[in-house]
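A short worksheet on the structure shown next.
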Amino acid sequence: MDGQGRSQLQMAETGPRALESLLGFWAEAGVDTAFTDEPVDRLAERIRPPPPVQAAPKAAAAPAGPDVSGAIAEARRLAAEANDLPALAAAIAAFDGCGLKFEGARQAVFSRGVDDAPVMVIGEAPGADEDAHGQPFVGRAGKLLDKMLGAAGLTDRVFITNTVFWRPSGNRNPTVQEQLVCAPFVERAIALVQPKFLLLAGGASAKAMLQRPEGILSLRGRWFDWTSSDGATTLPALPTLHPAFLLRQPAAKKRAWADLLMLGERLDRPERPVD
Ligand code: URA
């Protein structure tokens, strides 16, 4: 290509229509807010180092990626100190060990629902609406979740949270490291709420909570045991399809509905007396 052709191409690539199209592309991908005036190259940026901690216990798993064992130890320490849900919410809000907090999230998003609910719903990560309101599942997907829980007789019987507590930029899935760093808080929430069952909404939640490699279409509708990191607590956990997926694939709603009915049936099944 000659010099003139190249400069015409550059003009076409940077003209107002190209900019409009690029902005449209980012908006489609969920990037709808500018947090700073200057662009930040996240690929060149290293994850914020975790605060120094004493003698970090070994992380349960060591996936490829940044070493987050110090942040996990700090999260465990803070979570263990929280004796009730408001204290846990405050500990999460004050925690600086998860890189998501510094990607532009407005606030920590912890939970909503009933404090001693028999079912804990664990989603993937807050989105834009949750980031704005400070509560999980309050956007379109949350409204669908509420409708389905209501239809299955589970309204007022759920406590709702996520595997991570800050909105990932661009609505990407949280990384394994981000989920590992937040896991001690999720586990503490389970210890404080003491649900009978976990409902894991979406593949990123099911994989993180159950440490299983299969996709959600294979995991959903089957009961698994979730076990706490100290091995002391085991709970039945049911993976199901994420409501955001159901908004895109309405034909899959019947499978999620079958999962909720299965959960409701088990919840209301009379407990067998202990001999
Ligand atoms: N999707 C999730 O997984 N969690 C939310 O809180 C909202 C949308």
Side-chain angles (χ1 to χ4, degrees), residues 27-33 85 88-89 92-93 95 98 100-101 103-115 117 119-150 154-155 157-183 185-187 189-190 193 195 197-210 212 215-217 219-220 226 237-250 252-253 255-256 259-260 263:
E28 278 267 291
V31 183
D32 51 13
T33 315
L85 290 167
L88 185 58
I92 291 169
F95 179 59
C98 179
L100 284 174
K101 185 172 182 177
E103 272 190 18
R106 282 180 217 181
Q107 57 187 319
V109 175
F110 173 42
S111 71
R112 70 177 170 95
V114 179
D115 287 359
V119 176
M120 184 178 290
V121 180
I122 304 179
E124 299 180 350
D129 293 310
E130 290 73 24
D131 184 47
H133 291 93
Q135 286 196 320
F137 282 106
V138 292
R140 277 183 72 219
K143 299 230 161 25
L144 176 59
L145 176 68
D146 284 349
K147 256 192 184 169
M148 295 182 70
L149 290 171
L154 296 171
T155 305
R157 301 174 88 186
V158 292
F159 178 95
I160 302 177
T161 189
N162 281 304
T163 62
V164 298
F165 306 108
W166 293 269
R167 178 199 184 194
S169 60
N171 288 344
R172 65 169 172 79
N173 278 343
T175 65
V176 172
Q177 282 78 20
E178 288 156 356
Q179 290 177 315
L180 284 173
V181 165
C182 293
F185 296 117
V186 177
E187 190 167 328
I190 294 172
V193 174
F197 302 106
L198 302 180
L199 181 68
L200 309 176
S205 168
K207 279 187 189 182
M209 295 301 294
L210 301 175
R212 296 190 64 112
I216 189 64
L217 292 175
L219 294 174
R220 66 143 285 274
W226 170 84
L238 182 65
T240 191
L241 301 173
H242 195 284
F245 174 78
L246 300 177
L247 288 172
R248 295 193 300 272
Q249 305 276 338
K253 279 184 189 167
R255 285 189 266 176
D259 300 344
L260 288 187
L263 172 63

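Numbers here are sequence positions counted from 1. In each ligand, atom 1 is the first atom listed, and ligand 1 is the first ligand listed.
Q249 has its side chain out of reach of L241: every pair of non-hydrogen atoms, C-beta onward, lies at least 4.5 Å apart.
Among protein residues, G123, E124, A125, P126, E130, P136, F137, N162, H242 come within 4.0 Å of ligand 1, judged on heavy atoms.
The CD1 atom of I92 sits 6.0 Å away from atom CZ of F185, with the distance rounded to the nearest 0.5 Å.
Shortest non-hydrogen contact noted between N162 and E124 is OD1-N, 3.1 Å. Residue L219 comes nearest to P239 through the heavy atom pair O-CG, 3.7 Å, listed as atom of the first residue, atom of the second, then distance.
Listed by first and then second residue, the side chain to side chain donor-acceptor pair (under 3.5 Å) pairs involving residues 135-147 are R112-D146 (not counting sequence neighbours).
Below 30°, between 30° and 60°, or above 60°: for W166 and F95 the angle between ring planes is between 30° and 60°, a tilted geometry.
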